[in-house]
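To start, the structure itself, in structure tokens.
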Amino acid sequence: MTKEEILKALADAVIAGDDDEAVEYAQKALAEGIDPQEAIIDGLAKGMSVMGDKYERGEVFVPHLMIASSALYEGMDILTPHIKQTSDASRPVTGVIGTIEGDVHDIGKNLVRTMMSAAGFTMYDLGHDVPLEKFIEAAKEHKADFLSVSALMTTTMTGMDKISEMLLENGYRDSLVFMVGGAPVSPQYAQTVGADGTAKDAANAVSFAKEHTAKLAPAEERWSDAKISVTKTKYKDAILKKKAAAGSAENITLESAKKVMEEFEKIGTKAASKMSHTDRIFGALGDKKVDRLPVYPLACGVARKFVPCTYKEYATVPENFAKTAEAAVKYLDVDTFVGLTDLSITAADVGAGVTMPDEDTPSATGHLKDYEDIEIPEVKKGTRIYNHIQASKMAVEKLHKEELNAPFVAFHEGPLLTLTQAMGADRVLHDMNTNPNDVHKALDRITDFVNEISTAFFDENAADAICVDNLWSNNVIMSADQYWEFDGKYVYDRHLPVFNKYNAPYVIHNCADAVHFDIQIRKFGTAMYSYAYYEKNKDKGSKNYADLIPEYSDICCMMGEVDPIQFMNNDEATFQNIRNDTAKLMDGVLQTLKDNGRQSKYVLSTGCEVPPEGSLLAVKAMVDTAKEIGEDRYTQIIG
């Protein structure tokens with residue numbers, strides 16, 4: 001074979017996702033004396049570039065990219081050891097990447113790593129649930145040109161600011177480019193935490209890294225002891241300010257809880273309402289005339305400081321969970337409480353390991369090795385989900401008291417989300433194409449478990465409604481057909497009949513950025529949908545109220561979409577921004593409802609959960625705005 005034919009064969013092996021051919025032609029490239037770096041860049045990487053372009057055009061999806069990346073890395077494993085050592089000045093761009101501590105979502109991170117490897121970067125992937133210190137240590141060890149930190153969950157993003165502080169404190173900040181990423185990460189948030197920036201997708205992340213690392217001095221100079229010492233001195237004041245800010249913010253949730261309770265004890269709620277919480281929520285669900293739109297920022301774990309208790313105690317001790325729900329409705333005057341603690345409950349019960357920090361969200365980290373290792377338990381004492389059902393039952397009793405009269409919405413994970421938490425999303429999405437039968441067999445068993453959970457909630461009278469997290473409906477992750485095959489049909493054929501049996505509304509929470517709404521709302525007949533809106537991904541399918549109400553309000557009450565990240569701050573400027581966002585959302589929603597012949601099918605909420613370290617005064621600012629101007633605005637617009 002000619003050199004050109006071998007390079008093309010390497011590219012074709014990646015496009016086809018053929019690991020064996022990638023290895024075969026990598027070995028042929030070495031045997032024919034082709035420069036291994038050239039074989040990677042002009043062979044394997046070109047194939048990955050083709051797949052990246054197809055992905056951007058919506059012609060292939062994440063599972064296809066994973067299969068292609070497997071072939072890419074198989075070929076690179078053969079070629080990389082034979083690359084000649086280069087001087088520091090001519091070495092490839094070197095990056096350290098990982099998903100932050102407490103967060104096991106690594107699909108986006110893996111795509112970025114793959115595209116950066118295909119671009120010729122040397123990448124050190126730390127994986128997911130990475131301790132903050134490990135990012136710093138790895139950056140120094142590898143003399144990194146850039147550090148890329150990823151998060152999908154709003155509850156884990158706050159660690160990015162801590163990493164920024166650690167870079168300053170160790171004197172490493174000027175030695176590298178600091179990037180942050182993930183669906184909820186905006187350019188504004190990147191700036192707030194002191195990062196150099198963010199990118200909206202993997203292709204743009206490569207361009208960003210190339211542009212910014214090109215401005216760096218040689219690695220030996222940047223990472224020298226002298227340079228690090230100078231940097232420490234340079235940022236001495238900034239370090240002190242960050243530490244002071246961190247110190248004052250350390251108890252922000254507890255201190256803001258105390259202030260909210262003090263105000264309540266002095267004046268109670270600000271104004272009497274014409275309707276009860278229950279009547280308002282179910283009125284909106286049924287598009288009835290209400291006094292104002294219901295409001296519930298997803299202030300679940302953050303409300304634990306009213307009790308007060310740690311996050312671990314909130315997530316594991318039923319009495320603390322129930323007290324948190326009661327306190328949230330009492331002190332904040334929210335219209336409901338959604339019983340979300342974490343997304344690892346069902347995964348833990350089928351055999352996955354779980355980390356349980358004192359003051360952060362529990363997460364599934366000990367993924368199972370084989371699908372056969374999945375063990376489906378009965379929903380009984382000793383399982384996390386049984387404990388959670390008992391906690392929810394206590395919460396219902398407290399919220400149904402006459403003085404509160406608020407509905408409680410239970411929360412648990414759907415079939416595919418449970419499986420990906422137990423096995424790892426990367427593994428499951430890859431196996432959808434390579435071992436679909438194994439995935440289906442696992443989903444079949446897990447769906448039975450999910451059905452038993454919902455049934456137990458209803459039989460125990462532990463919920464007024466159940467919200468199911470069906471995360472993986474995302475037109476960037478997978479096609480509509482693939483989502484239907486691996487989650488949708490299990491929900492439609494097997495899970496929805498449980499809700500129909502109890503004549504209960506089906507409620508979904510999905511904070512993905514580009515949802516298959518037609519399946520999850522229209523096909524499922526979903527009664528209420530809790531969603532996030534990412535303006536930066538509007539061109540990829542992220543939708544806001546103006547898109548969703550005209551399309552789905554005939555059957556579904558939407559619930560969103562205020563950005564929860566701003567609730568981390570505890571200052572008047574933040575509160576005013578939240579008031580403005582709430583008022584703007586309210587006015588836009590009411591007018592859109594009226595234009596589409598509706599009266600109330602919307603709940604003012606946040607797109608994702610308010611981080612557990614957030615400010616309860618910020619939550620109160622949103623609720624109070626809805627109460628203070630909600631009735632007048634409703635009358636003016638709806639009538």
K523 charged N/C atom sitting above Y492 aromatic ring, 6.0 Å / 45°
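Cation-pi check for K523 and Y492: passes.
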
May I ask you to decide if [Y]'s main-chain N or O and [X]'s side chain share a donor-acceptor pair within less than 3.5 Å?
{"X": "T526", "Y": "M528", "result": "no"}
{"X": "T99", "Y": "H128", "result": "no"}
{"X": "D129", "Y": "E101", "result": "no"}
{"X": "Y189", "Y": "M157", "result": "yes"}
{"X": "T278", "Y": "N405", "result": "yes"}
{"X": "S542", "Y": "N537", "result": "no"}
{"X": "N387", "Y": "P318", "result": "no"}
{"X": "D624", "Y": "A621", "result": "no"}
{"X": "T253", "Y": "G614", "result": "yes"}
{"X": "S164", "Y": "V193", "result": "yes"}

Taking the inter-plane angle between the rings of Y602 and Y531 on a 0 to 90° scale, is it parallel (under 30°), tilted (30 to 60°) or perpendicular (over 60°)?
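Aromatic pair Y602/Y531 classed perpendicular.
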
Please work out which of the three classes, parallel, tilted or perpendicular, describes the rings of F408 and F337, given edges at 30° and 60°.
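Ring orientation, 0 to 90° scale: parallel.
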
Are there more than 12 heavy atoms of other residues, nucleotides or ligands under 6.0 Å from atom [atom1] of [X]?
{"X": "N503", "atom1": "CG", "answer": "no"}
{"X": "K398", "atom1": "NZ", "answer": "yes"}
{"X": "Q576", "atom1": "CD", "answer": "yes"}

State, without any angle test, whether [X] and [Y] hold a side-chain donor-acceptor pair at a distance under 3.5 Å.
{"X": "Q566", "Y": "N577", "result": "no"}
{"X": "T418", "Y": "T346", "result": "yes"}
{"X": "Y502", "Y": "D459", "result": "yes"}

Only one of Y545, F517, F524 clears ring pair (Phe, Tyr, Trp, His ring centres under 6.0 Å) with Y529; which?
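The residue from Y545, F517, F524 that satisfies ring pair (Phe, Tyr, Trp, His ring centres under 6.0 Å) with Y529 turns out to be F517.
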
Salt-bridged, [X] to [Y], with N to O below 4.0 Å?
{"X": "R292", "Y": "D335", "result": "yes"}
{"X": "K620", "Y": "E263", "result": "yes"}
{"X": "E572", "Y": "R579", "result": "yes"}
{"X": "E359", "Y": "K305", "result": "yes"}
{"X": "D444", "Y": "R494", "result": "yes"}

Can you list the residues that meet the salt bridge (Lys or Arg N to Asp or Glu O under 4.0 Å) rule with K259, with sequence neighbours excluded?
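Expected list: none.
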
Salt bridge (Lys or Arg N to Asp or Glu O under 4.0 Å) partners for D571, two or more places apart
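Listed in chain order: nothing, the list is empty.
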
Evaluate the criterion side-chain contact (heavy atoms from CB on, under 4.5 Å) for residue pair L604 and V562; output intermediate values, then yes/no.
CA-CA 8 Å; L604 302 167; V562 173; over 6 Å; no

Chi angles and distances behind the side-chain contact (heavy atoms from CB on, under 4.5 Å) call for K601, I549:
CA-CA 8 Å; K601 275 202 166 181; I549 290 173; over 6 Å; no

Decide salt bridge (charged side-chain N to carboxylate O under 4.0 Å, His left out) for K258 and E255; before the verdict, give the C-alpha distance in whole Å, the side-chain angles of both, and the deciding distance to 0.1 Å.
CA-CA 5 Å; K258 289 177 179 177; E255 293 305 315; 3.7 Å; yes

Could you grab the distance from atom CG of L471 to atom CG of L416, nearest 0.5 Å is fine?
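Those atoms lie 8.5 Å apart.
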
R384 CZ to M356 CE distance, which is reported to the nearest 0.5 Å
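These two atoms lie 4.0 Å from each other.
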
Set out, in order, the CA-CA distance, both residues' side-chain angles and the distance that settles side-chain contact (heavy atoms from CB on, under 4.5 Å) for S454 and H412, then state yes or no.
CA-CA 8 Å; S454 294; H412 69 81; 2.8 Å; yes

side-chain contact (heavy atoms from CB on, under 4.5 Å) between V307 and Y314, worked out:
CA-CA 9 Å; V307 174; Y314 162 71; over 6 Å; no

